[in-house]
Amino acid sequence: MPEPIQIQDQLFTPFISSLQIAERVKELAITISQDYAGKKPLFIAILNGAFIFAADLFRNLSIEAEISFIKLASYQGTVSSGSVVTAIGLEDAVSGRHIILIEDIIDTGKTLHEFLPLLQRQQPDSIKIVTLLHKPAALQHPVQADYSGFEIPNKFVVGYGMDYNGLGRNHPEILQLQSDTHL
Ligand code: IMP
Ligand code: MG
């Protein structure tokens with residue numbers, strides 16, 4: 001058994017190594033480069049979690065491409081529909097572009113489910129999603145990644161940009177919560 005790593009009050013165990021991540025990210029970049037040759041796509045990375053994945057994916061692309069970073073903020077709408085999402089930093093012209101959203105992880109799918117209509121309103125030519133991880137067992141909204149690095153079980157993970165209470169983003173590998181209880 002590998003040594004557990006403590007982050008705040010929780011213990012995490014190594015789950016996906018840096019080497020496994022690097023190899024998979026390279027494969028994703030090769031596939032996307034083939035699919036988007038000559039299309040000059042605009043990547044939009046969703047902060048904070050996707051920043052390391054976005055950097056590694058982007059530097060492995062072999063095609064002309066642009067990248068931009070946004071942060072999604074939820075606020076309570078005046079209507080009873082619950083939270084409404086707003087994108088901070090979505091300044092680059094999206095209209096007529098081929099957009100590839102970069103996510104660290106699709107969990108319930110809520111974030112993308114709320115953000116996609118907002119993006120669609122700006123009339124891009126196409127929208128695709130690349131996520132490093134997805135948890136099919138946690139999915140609650142009709143959101144599907146077009147490119148996915150790893151399918152993982154419904155357990156909390158940290159590292160490689162992803163956090164537990166703001167910490168753990170700097171771990172080069174991906175760690176998984178040791179206990180079976182979900183946060
Ligand atoms: P969703 O809206 O439920 O799909 O969750 C999306 C966001 O929640 C991700 O982009 C992450 O920032 C965060 N998240 C979901 N699951 C995890 C996890 O296991 N570890 C760290 N962050 C997570
Ligand atoms: Mg995120």
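In each ligand, atom 1 is the first atom listed, and ligand 1 is the first ligand listed. Residue numbers start at 1 and run along the sequence shown.
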Participant: Looking only at distance, does Asp107 have an N or O less than 3.5 Å from an N or O of ligand 1?
Facilitator: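 Yes, Asp107 has an N/O under 3.5 Å of an N/O on ligand 1.
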
Participant: Identify whether Leu118 and Leu42 are in the same connected component of the hydrophobic contact network (ILVMFWY, side-chain heavy atoms under 4.5 Å).
Facilitator: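 Same cluster: Leu118 reaches Leu42 through Ile, Leu, Val, Met, Phe, Trp or Tyr contacts under 4.5 Å.
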
Participant: I want to check something: taking the side chain as every heavy atom from C-beta on, are Val157 and Ile152 in contact at a cut-off of under 4.5 Å?
Facilitator: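 Yes, close enough: below the 4.5 Å cut-off.
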
Participant: Would you kindly specify which portion of Asp163 sits under 4.0 Å from ligand 1, judged on non-hydrogen atoms: side chain, backbone, both or neither?
Facilitator: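 The backbone, only.
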
Participant: Are any of the N or O atoms of Val157 closer than 3.5 Å to those of ligand 1?
Facilitator: yes

Participant: For ligand 1, which atoms have a heavy atom of Asp104 less than 4.0 angstrom away?
Facilitator: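 The list of qualifying atoms is 9 (C), 10 (O), 11 (C), 12 (O).
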
Participant: State yes or no: do Phe12 and Leu167 share one hydrophobic cluster built from I, L, V, M, F, W and Y residues joined by side-chain heavy-atom distances below 4.5 Å, directly or via other members?
Facilitator: yes

Participant: Numbering the atoms of ligand 1 from 1, which are under 4.0 Å from a heavy atom of Glu103?
Facilitator: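 Answer for ligand 1: 10 (O).
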
Participant: Measuring only between side-chain heavy atoms, which start at C-beta, is Leu133 closer than 4.5 Å to Ser148?
Facilitator: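 When only atoms from C-beta onward are counted, Ser148 and Leu133 do not touch, as no gap falls below 4.5 Å.
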
Participant: As a check for students: among Val85, Leu72, Ile105, identify the option with a heavy atom nearest to atom 9 (C) of ligand 1.
Facilitator: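 Answer by nearest heavy atom: Ile105.
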
Participant: Could you tell me, atom by atom, which parts of ligand 1 come under 4.0 Å of a heavy atom of Thr111?
Facilitator: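 Matching atoms, with element in brackets: 1 (P), 2 (O), 5 (O), 6 (C).
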
Participant: Please find the pair of heavy atoms, one from Ile106 and one from Ala145, that lie closest to each other, and give the distance.
Facilitator: CD1-CB, 4.0 Å

Participant: Short N/O distance, under 3.5 Å, between Gly109 and ligand 1?
Facilitator: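 Gly109 vs ligand 1: N/O contact under 3.5 Å present.
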
Participant: Hey, does Lys135 sit under 4.0 Å from ligand 1 if you only count heavy atoms?
Facilitator: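 Yes; Lys135 lies near enough to ligand 1 that a heavy-atom distance drops under 4.0 Å.
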
Participant: Side-chain donor-acceptor pair under 3.5 Å between Asp104 and Tyr160, yes or no?
Facilitator: no

Participant: Side-chain donor-acceptor pair under 3.5 Å between Asp9 and Tyr164, yes or no?
Facilitator: yes

Participant: My understanding is that we take every heavy atom of each candidate and find the minimum distance to atom 1 (P) of ligand 1. Doing that for Ile106, Leu132, Thr108, Val158, which one comes out nearest?
Facilitator: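 Selected option, by shortest heavy-atom distance: Thr108.
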
